Structure formats: structure tokens, C-alpha cells
Amino acid sequence: MSKESLHDQDVLNGLCEIISDPAIVLDADGVFVDVIHNAHNGALFFKDPETLLGTDLWDIFSTAQADQFYAIIEDVLETGEQQHFEYQLSLDHGDRHFEARVTPVGGDDVGRVLWLAEDITQRKRRREKQTLIERVLEVSPVGIVVVERSGRITLANDRAEELLGLEREKITQRRYNQPVWDIYHEDGTPIPDSEHPVTQVLESGEPVFGFEHWIELEDGSERWLSSNAAPILGDDGTVERVVVGLDDATRLKQREEQLEWLVGTETLADVGGWELDLETGLIEGTAGMKRLYGTPEYNPTLEEAIKQYHPNDRAAVRDAIETCRETGEPMELEARRQTADETERWFRLRAEKTVRDGTPKLRGIVRDITQDKEREQRLMVMSRILRHNIRNKLTVIRGNSRLLKEELGSSDFSVDAASGHIDRIENASKELDSLAERARTFDRAIERDLRSGTLHLEQALTDIRDDLTAQHSEATIEVAPTDVEVSGDRMAIDLILEVLVENALEYSDLPDPTVKLTAEETPMGQVTVSVDTDGSAIPDMERNVLDSETEGPVAHSRGLGLWAVTWLVRRLGGSVTIDEDHDGETRVELVFPLAQSE
């Protein structure tokens, strides 16, 4: 062997030692005639290389695959050109993929090929995974962009193009924090770089979810986006890039704004919505229903809901619902209902029959019309009382004016008689003026915000005692010590107490009546104020005002006062009752909300 051939052999041996892919030499019959391998590239075809020598393709591979490989060897030997191709082997531990390079060796008359095989299974799988990821990105309903640590955007899918209103080439020419993006908080202030979700991820290494903002697109329109940003970490644990998912939140934001508007409208209009499932008998109420009825939840059965209405109105409510259910005709009626704080209020109910998701339902609204009812009642009562009193006083004034005129023209003129007519005219005028002033006082009180404010009751009761004792020197008014406070308007509560004590003194048939005023907190978190009077009872006609709260024939100024008491107490969230058999005394009992401690 020449030195040159020795040199070539040395080179070949060196190549065999460093080559990472095993190689074989096959002859024209497909017989393995040589194996080129080392400790680095392991077994060939997952077999011991020495066992391959002398065997042929059909000994190692399936017939179909051996035939395929043999055809390639024939083609390479015939054309003298190298061939590249991929093939797959099904082994006991799974499928493996190979890339083969086959080239002729040994000259034209030797008829051998060199087969260099590379295991590309991992590369193949990475390529397949990459293809899958790319396909997922393209069909994703979420816009996806990838931001490098440098801030440059390197990837954007089709959905990102749609959401950002830019072509992919323009997106990937930008950095995520360039001012040109025009991103804003809800109040319209620009989002600083430090608050950007990508910045937060790059700095903390933690994902950011649900970051809502809006952007101004190139066409001048606005779009709400919800962004989720997550880090991709390198081997050293640092953030290499950030993946950002963008979702169009414009419609959701519009629905939220519409819902806020509807809730606000419910509140302003004292309206609540409800839906009755005609198959289950369950009612579902909106936030407005909960607010109107003063409950944290409103999901009663139909019968539970009906029982909350006034006994005299339950039949009408049940009949209206049944008629609407059976005929499909819309229902509308007015009824009284007790709320969670045990106050009675008037409501107008409207509903119609509908079908949702194949289930028949009644869907309707409830509106609090208590103030409308009270205003209507006040107009009727005041009209009756004022008309009655004005007519009576004018009759007195006209009659005494006529008598005075006759007296002045009489030859038997009497100064005393004329003075008597003048006094009666003057008294009637003063009573009319007093009645008008009281009506104005009641109107001013009833239109105030009666639920606001806090009042120390002992001070209020003491002030009432001092004022009325000065007007009724023969009476005794006693105030029991108390430290309770009530929630409500001072003017309204003073007026209520003044009317009740004043009426108690005027109705008493004793020359020196006694009125006892007490106030105490109840276990239910309320305050009870008692007005106890000795002597005769309150007349039936006026007692009915306190008992029934229905418009009746009371037609004098004291009756107006009792009506004002019922209106004001109800508006304060309280109640008023009368007990004539309380240890030989007449007791009027008021219940007020207890002041809430801060």
C-alpha cells in the first residue's frame, strides 16, 4: 500500500470516527457488504451493525419496503446520480423517520452504493408540531401576537390583523409600546408603558389576564380589546418573548353599558323586571325587583309572591296571572304589597306571555306607585277638607257680614252686637289662614327627603312638651328619659308628634289631661314612640284614618293633621296604630327606623 493510499485510509478512518450518522455499503443485489459506524452513532437500523454483514434488504425490512429500497439502488447504479428520500420504520417502541442519501461508489464496474441514513424523527415531530401551531394560530378566533424581549413584534395571526386594523407586515414592523398604537384606559387617558400588559410580563415573568383597554384604529374608529399576556421562558428562567392574546370586547362593553343604563333606568323609574316560568312556577327577578322589595334575592315561587300582597288584593293578582297564562292577553293591575322592612307600598304590575327556549313564561315589570297613590289621596283629602272648611268659614263670614250690615243700618244700633259680628268674622278669617298655613306646612314636609337625617328623640319630645304646655297650661305632658335615636327627617317627625299630642289634648274630656311620651328600642331594631292620654277616646271617624288609611269623610282641620301623620309615617318607613283599651288610656303607637350606628 502506497503512502498516498495510507493517507487516504487515515482520512477515511478519521471520518468514520467523527461521523454522526451510520452508513452502509450495499451491492447491486441489496446485500450489506460493509458498515461504517462508531461508538457515537450507535446501532444501525436499531440492530447490531455486525449482524447486518452478509444479509440483504429482505432479511431486514418488510417485502414492500425492501422492494422500494432495491428499486432506489437500481436507479442510483443505472443513472450514477445521488438520491435523497425519506422513509419510516415501524419498530417495537414506535415509528421512526429517516432521511437517506444514496450515492454510487467503487467505480462503474463494481456496482455498489453508499447508504447514509439520518434519524430525523425529532426534527419531523418538531416540524409537524410547528405546522400544527401555525394552523391553530391561523384559525384561532383570538388575535395572537408574539413580542420579543427587545419589544419587537415578530408574529401576528389573521385575527390580529382584523382586530388591530393593520396588515401583518405593518404589525411586525412595530414595537409593542410605540405611541402609534393609541391605546387608552376607559376614561380616555393613554396607557403608559409601565402599565402595558407586555411590560408587566417582561418585568415580573408572570402572566396578565383580562386587561381591558380600547384602541383607535387607523380609520378613526374605536375598538375595545381584552388582552391576556403570558411569558415564554428561556433555559435560564428569563423571559425570552411574550405571547399576547387579543379578544374583541366591543360588543361586551356595549352590552355592559346598556345593562348599566337599564339598571339606572330601573332605579330612576322605581321599576323592577320579573319572569315567571309557567312550568316550574318559579319567579326570577332583576336587581330592580330586589331593590323595590328590599330583599337581597328575589326568586320566590308564584304562591310565595302572591302571599306578600295585601289580603284584599291577592285574588286580583292571582286572577290576572291566570288570565294572562290562559288567554295570552297582557295583564295590568295595581296592588298593595308588604316589603322586607314591613312597610306597605302600592305597585303597578304589567306582564305578557312569551316563550323562551321552548318554555312558556310570563315576563313583566313592577313599578312602585306609592307616591302617585299618596299624591292622589292627598289631593282628594285636602280637597275635601279644605272645601268643607273654607265653605263653612265663608258661610260664617258672609252671615256675620250681612248681620253687621243690618246692625249698622238699624235705628237700634248696638255696638256690642256689631263687635260680636266683627269678632266672629275675624276669628273665621284667622282659622282659614291657619288652615292654609297648616296645609302648606304638610305639603313642604311631605315633599322632603324624609329618609335622611338622624334625630335624638328625647330632645324632640322635650321640645314638643315645652311648646304645647305653653299653649295648654292646664295640661301635663310627661317625657320619659331615653337615649334612642331614629333615622328620618326632623321636620317630619316633629310635625307627627305635634299633631298627635295636640289632638290628644283637644279630644280629652278632662279639664286637666295628662299625656305621657315614651320612646324605646325594640328587639327588631326599631324604635317605638307611645303617646298615652287619659280621658275620652279619639272619635271613630278620625280613628279610621289611622287604622285603615283609606280616604273617608273626615272634613276638618284636625282630620287633615291625622292624614298628614299617616302619610309622613309611611314615607319614613314606619307605622302608626291606636289602642283605646291600654290600661284605661288611649295609646297611639308610632314605629320608626332605628338610626344606624356608623
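Fair warning: this is a prediction, and the values are worked out from it, not measured in the lab.
- Between the side chain of T327 and the main chain of T323, a donor-acceptor pair closer than 3.5 Å is present.
- Residues L362 and I321 come closest through the heavy atom pair CD1-CG2, 3.7 Å.
- The neighbour count for E352 CD, taken as heavy atoms of other residues, nucleotides or ligands under 6.0 Å away, does not exceed 12.
- Applying the ring-ring contact (aromatic ring centres under 6.0 Å, His included) test between W115 and each of F85, F32, Y70, F98 identifies F85 as the sole match.
- For the residue pair Q88 and D95, a side-chain donor N or O sits within less than 3.5 Å of a side-chain acceptor on the partner.
- Of the inter-residue distances, the one linking E240 atom CD with I232 atom CD1 reads 8.5 Å to the nearest 0.5 angstrom.
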Could you walk me through whether H213 and Y184 pass ring-ring contact (aromatic ring centres under 6.0 Å, His included), step by step?
CA-CA 6 Å; H213 60 91; Y184 302 93; 9.7 Å; no

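- By the side chain to side chain contact (heavy atoms under 4.5 Å, CB included) test, P523 is found to be paired with no residue, residues two or more places apart in sequence or in another chain being considered.
- Inter-residue side-chain proximity for L333 and V317 is flagged as met; some heavy-atom pair is nearer than 4.5 Å.
- Between W214 and W224, the ring planes lie tilted relative to each other; the angle falls in the 30° to 60° range.
- Two residues are said to be in side-chain contact when any heavy atoms from C-beta on lie closer than 4.5 Å; V198 and N177 fail this criterion.
- Taking 4.0 Å as the cut-off between side-chain N and carboxylate O, R363 and E275 count as a salt-bridged pair.
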Can K361 and L276 be said to form a side-chain contact (heavy atoms from CB on, under 4.5 Å), step by step?
CA-CA 5 Å; K361 298 177 182 290; L276 167 63; over 6 Å; no

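- Taken to the nearest 0.5 Å, the CG atom of L89 stands 6.0 Å off from the CZ atom of F61.
- With E334 as reference, K373 is the one residue of K373, R367, R350, R345 to meet the salt bridge (charged side-chain N to carboxylate O under 4.0 Å, His left out) rule.
- Counting all heavy atoms, side chain and backbone alike, G285 lies closest to N299 at N-ND2, 4.4 Å.
- Annotation: side chain of P207 is in contact with side chain of P231 (closest heavy-atom distance under 4.5 Å).
- Using a 4.5 Å heavy-atom threshold, the side chains of P360 and E279 count as touching.
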Yes or no on salt bridge (charged side-chain N to carboxylate O under 4.0 Å, His left out) for E322 and R325, after CA distance, side-chain angles and deciding distance?
CA-CA 5 Å; E322 286 301 319; R325 178 209 297 260; 3.5 Å; yes

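- The structure places CG of L166 at 10.5 Å from CD of E169, a figure rounded to the nearest 0.5 Å.
- For the pair V244 and I144, the minimum side-chain heavy-atom distance is 4.5 Å or more.
- Residues passing the side chain to side chain donor-acceptor pair (under 3.5 Å) test with D236 are T238, sequence neighbours excluded.
- The minimum heavy-atom distance linking I283 with A305 is given by the pair CD1-CB, 3.8 Å.
- Across all their heavy atoms, P104 and V76 have their closest contact at CD-CG1, 3.3 Å.
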What do the steps show when you test Y87 against I72 for side-chain contact (heavy atoms from CB on, under 4.5 Å), and what is the final call?
CA-CA 12 Å; Y87 61 93; I72 292 172; over 6 Å; no

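- Proximity of a side-chain donor or acceptor of E148 to a complementary backbone N or O of I153 within less than 3.5 Å is not detected.
- Side-chain atoms of D247 and S226 include no donor-acceptor pair closer than 3.5 Å.
- Shown here is D219, whose CG atom has more than 12 heavy atoms of other residues, nucleotides or ligands within 6.0 Å.
- The shortest heavy-atom contact between V142 and L246 is CG1-O, 3.2 Å.
- In terms of modelled atom types and a separation under 3.5 Å, the side chain of R223 and the main chain of L163 share a donor-acceptor contact.
- A 4.5 Å side-chain heavy-atom check between V146 and V242 finds every atom pair outside the cut-off.
- A donor-acceptor pair is defined here as one N or O able to donate and one able to accept, closer than 3.5 Å; such a pair exists between the side chain of E161 and the backbone of R168.
- Judged by distance alone, the side chain of T121 and the main-chain N or O of H97 form a donor-acceptor pair under 3.5 Å.
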Going through the checks in order, is the side-chain contact (heavy atoms from CB on, under 4.5 Å) test met by I215 and E222?
CA-CA 6 Å; I215 63 172; E222 297 174 358; over 6 Å; no

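- To the nearest 0.5 angstrom, I183 atom CD1 is 9.0 Å from D193 atom CG.
- Applying the 6.0 Å contact sphere to CD of Q200 captures more than 12 heavy atoms from other residues, nucleotides or ligands.
- Between I306 and L302 the shortest side-chain heavy-atom distance falls below 4.5 Å.
- Both tests do not hold together for R314 against Y309: distance to the six-membered ring centre under 6.0 Å, angle to the ring axis within 45°.
- Side chain of D313 to backbone of R336: a donor-acceptor contact under 3.5 angstrom is found.
- Paired with K124 under the rule salt bridge (charged side-chain N to carboxylate O under 4.0 Å, His left out), one option of E99, E118, E86 passes, and it is E86.
- Checking side-chain atoms of W181 against main-chain N and O of R175 turns up a donor-acceptor pair under 3.5 Å.
- Of the possible polar contacts, one joining the D368 side chain to the T370 backbone as a donor-acceptor pair under 3.5 Å is found.
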For a side-chain contact (heavy atoms from CB on, under 4.5 Å) check, start with the C-alpha distance between L155 and V145, then their side-chain angles and the critical distance, and finish with the verdict.
CA-CA 5 Å; L155 184 147; V145 297; over 6 Å; no

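- Checking D67, I73, V31 one by one against L57, the side chain to side chain contact (heavy atoms under 4.5 Å, CB included) holds for a single residue, I73.
- A donor-acceptor contact shorter than 3.5 Å is absent between the side chain of T199 and the backbone of E195.
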Stepwise salt bridge (charged side-chain N to carboxylate O under 4.0 Å, His left out) test for E162 and R159:
CA-CA 5 Å; E162 296 176 17; R159 182 58 174 158; 2.9 Å; yes

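- Of all non-hydrogen atoms in L164 and L217, the two that sit nearest each other are O-CD2, 3.6 Å.
- A donor-acceptor pair under 3.5 Å is absent between the side-chain atoms of D59 and the main chain of L52, judged by distance alone.
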